[in-house]
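Just so we're clear, the structure is a prediction, and the values are computed from it rather than from any experiment. The figures that follow rest on heavy atoms only: side chains count, while hydrogens, waters and symmetry mates do not.
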Amino acid sequence: MEILRTPADWPRTETEARAAQETLRARLVRDEAGPAPGTVPLTGVDVAYDDARDLVAAAAVVLDPGGRTVLGRATAVGRVAFPYVPGLLAFRELPAVLAALDRLPVAPGVVVCDGYGVAHPRRFGLAAHLGVLTGLPVFGVAKNPFLFTYEAPGEERGARAPLLDGAEEVGAALRTRTGVKPVYVSAGHRVTLDTACAHTLALTPRYRLPETTRRADALCRAALKEAVGN
DNA sequence: GCGACAG
DNA sequence: ATCTTGTCGC
């Protein structure tokens with residue numbers, strides 16, 4: 001197994017990481033609606049860890065515009081590049097994710113992250129960061145509301161409510177399955193919140209989480225096991 | 001000042 | 001994220 005090295009200029013301290021977010025945020029593009037559902041491939045990315053061995057495994061899975069067929073997949077294993085610090089998740093996950101995306105045999109289209117985009121203390125979460133670094137359209141779908149608030153959306157699939165940071169709308173609590181806890185969608189780079197919600201609904205015909213992240217999650221776990229041996 | 005807090 | 005079996009339910 002080949003273990004990837006993280007970029008030499010990757011932040012090493014929390015102070016450096018926050019400064020990097022403030023700088024990169026200026027390059028975030030938020031005025032593009034982004035490709036409509038059904039017109040481009042969707043790529044899910046996710047990461048799994050083995051803290052004891054200091055390893056991280058990332059996976060990228062490309063689904064066809066209809067969301068039924070896998071067009072391509074790739075994995076990458078590396079050393080953990082940053083500790084988990086709320087608000088700085090991107091620095092922990094992205095080196096491996098970027099390596100996996102580089103290894104894809106096909107164009108990724110729109111990328112779906114397991115986490116937040118602009119729903120972030122400095123409006124620069126994982127999905128926004130990945131978008132700026134790659135130039136690709138990227139949005140985020142998280143499983144928890146982090147430090148944001150919202151009024152419960154209707155019970156039916158498709159119902160949504162604003163995800164708020166005080167009075168500012170930073171995303172949406174979107175019900176992908178009737179009667180099931182919502183997911184938390186936010187825009188990232190070159191994709192608006194409405195387009196992100198439309199893609200999220202298209203990717204959840206059966207489960208709460210997008211098919212992209214479900215597939216990427218399974219693949220990165222398998223890659224980690226493979227790397228560790230077993 | 002302390003704790004909580006995406007994964 | 002991760003530690004972890006069976007079990008209730010559509």
Are A:Arg175 and A:Glu156 ion-paired here, with the side-chain N under 4.0 Å from a carboxylate O? no

Should the pair A:Asp50-A:Arg53 be classified as a salt bridge under the 4.0 Å nitrogen-to-oxygen rule? yes

Is the side chain of A:Thr213 donor-acceptor paired with the backbone N or O of A:Leu209 at a distance under 3.5 Å, no angle test? no

How does each nucleotide of nucleotides 3-10 of chain C score, in 5' to 3' order, for protein heavy atoms under 4.0 Å: base (B), sugar-phosphate only (S), or none (-)? --------

A:Arg123 to A:Tyr116, cation-pi by 6.0 Å centre distance and 45° axis angle: no

Under 4.0 Å, heavy atoms only, any strand: does A:Leu88 hit a base, just the sugar-phosphate, or nothing? base

What is the nucleic acid contact for A:Gly87, judged by heavy atoms within less than 4.0 Å: base, sugar-phosphate only, or nothing? base

How about A:Phe146 and A:Tyr184: are their ring centres within less than 6.0 Å of each other? no

Lys/Arg N to Asp/Glu carboxylate O, A:Asp51 vs A:Arg92, below 4.0 Å: yes

Expressed as a whole number of angstroms, how long is the span from A:Lys181:NZ to B:dA6:C1'? 11 Å

How are the rings of A:Phe91 and A:His129 set relative to one another: parallel (under 30°), tilted (30 to 60°) or perpendicular (over 60°)? perpendicular

Assess the side chains of A:Glu93 and A:Tyr84: does a donor N or O sit below 3.5 Å from an acceptor N or O? no

Could you identify which residues of residues 41-54 of chain A place a heavy atom less than 4.0 Å from some atom of DNA chain C, listed by residue number, or say none? A:Ala48, A:Tyr49

Heavy atoms only, 4.0 Å cut-off, all strands: where does A:Arg221 land among base, sugar-phosphate and nothing? sugar-phosphate

Of the candidates B:dA6, B:dG7, B:dC5, the side chain of A:Leu147 sits closest to B:dC5

Taking all atoms of both residues into account, what is the closest heavy-atom pair of A:Thr43 and A:Pro108, and its distance? OG1-O, 2.7 Å

Under 4.0 Å between a Lys/Arg side-chain N and an Asp/Glu carboxylate O for A:Asp217 and A:Arg221? yes

Under 3.5 Å for both pairing distances: what stems, at least three Watson-Crick or G-U pairs long, include DNA chain C? none

